[in-house]
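The structure appears right after this line, and notes come after that.
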Amino acid sequence: MTVKMAEVMEVINRYTPKGFAPKAGLILGSGLSSLAEQITNPVSIPYQAIPGLQAGAVYGHASLLVMGQLNNIPVVCLRGRLHLYEGVSYESIRTLVQIVKRLGAGVLMITCAAGSMRPEVGPGELMMIQDHINFHPGNPLVGPNDETIGPRFVSMDDAYDPMLQDLMVSASNRINIPLHKGVYISTLGPSFETPAEIRAFKSWGADAVGMSVVPEVIIARHSGIRVACVAAITNLAAGMSKEKISHEGTLHFGEIGARKLIKLVPEFLKEVSNVLG
Ligand code: HPA
């Protein structure tokens, strides 16, 4: 099914408070949704209410698009992301990112859980993503191109906006939260990687591995949205530790990362608002 953005926005506009103009979109990864609880005057739209987003493909209660204020800055937040491993189409992910764009946000702040391939960056640490390797089996821009959204061939130089990276570093310094930096590689999942895959990814120059982020970044860059991304490290990647990797561990250490992100993201948004107006 082809999703018509006009129909999508008709639904979104019905919920949108008068005069609401988000400065930033926010995508919250696994175990990081407590950040959404910081949003004041929230208006929530269940993904199921959005045309084209089938109810079966989403997590249930956590799948909400939330509009409101974070640190007095208007944001639109995707609480509960869609993953390709759920059988979700690229189109569904595109719809969500396009809503952020159509509401007028020029910045997308992405958070995610990830495994670290750097032994010194352990569970509970934050890593700012500076570049990525797309190891998903495809690209969300395959198919006819809508020139009104963006060009056929999209540059991925500076996919992770250098100015936003500077603002993130100064926000983290101001509140004393250590921030590592690295390259993210995406896998389809849902199985975790083998130790051999991790050794290969390391040799390619990747520092963190996860099952999301990359489609969202490509879609955002196609439509000219500037992207910042911080991963909450939930485990050392396969073969690097005696601990077995599990979703439960991801949620537990994601919560530790979330406590840091709850401080870092509002501080970052304040910087963004000061610089970009
Ligand atoms: N691999 C893939 N995705 C992940 C991991 C991992 O080790 N940790 C959290 N998300």
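Please read all numbers here as calculations on a predicted model, not as lab measurements. One is the number of the first residue; the rest follow in order along the sequence. Order of listing sets the numbers, starting from 1, for every ligand and every atom in it.
- Among Arg221, His132, Gln165, Lys181, the one residue that satisfies the side-chain hydrogen bond (donor to acceptor under 3.5 Å, both in side chains) test with Tyr160 is His132.
- Residues Glu147 and Asn145 have side chains that bring a donor and an acceptor to within less than 3.5 angstrom of each other.
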Exercise. For side-chain hydrogen bond (donor to acceptor under 3.5 Å, both in side chains), just list the numbers for Ser116 and Glu125, CA-CA rounded to whole Å, side-chain angles, deciding distance to a tenth of an Å, and then say yes or no.
Key: CA-CA 9 Å; Ser116 168; Glu125 298 289 312; over 6 Å; no

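- Using modelled atom types, one side-chain atom of Tyr47 and one backbone atom of Gly80 make a donor-acceptor pair closer than 3.5 Å.
- For a heavy-atom separation below 4.0 Å, the residues in contact with ligand 1 are Ala113, Ala114, Gly115, Phe192, Glu193, Val209, Gly210, Met211, Thr234, Asn235.
- Counted by atom type alone, Thr187 and Glu193 present one or more donor-acceptor pairs between their side chains at under 3.5 Å.
- Ionic pairing of Glu216 and Arg81 is present here: one or more N-O contacts between side-chain nitrogen and carboxylate oxygen are shorter than 4.0 angstrom.
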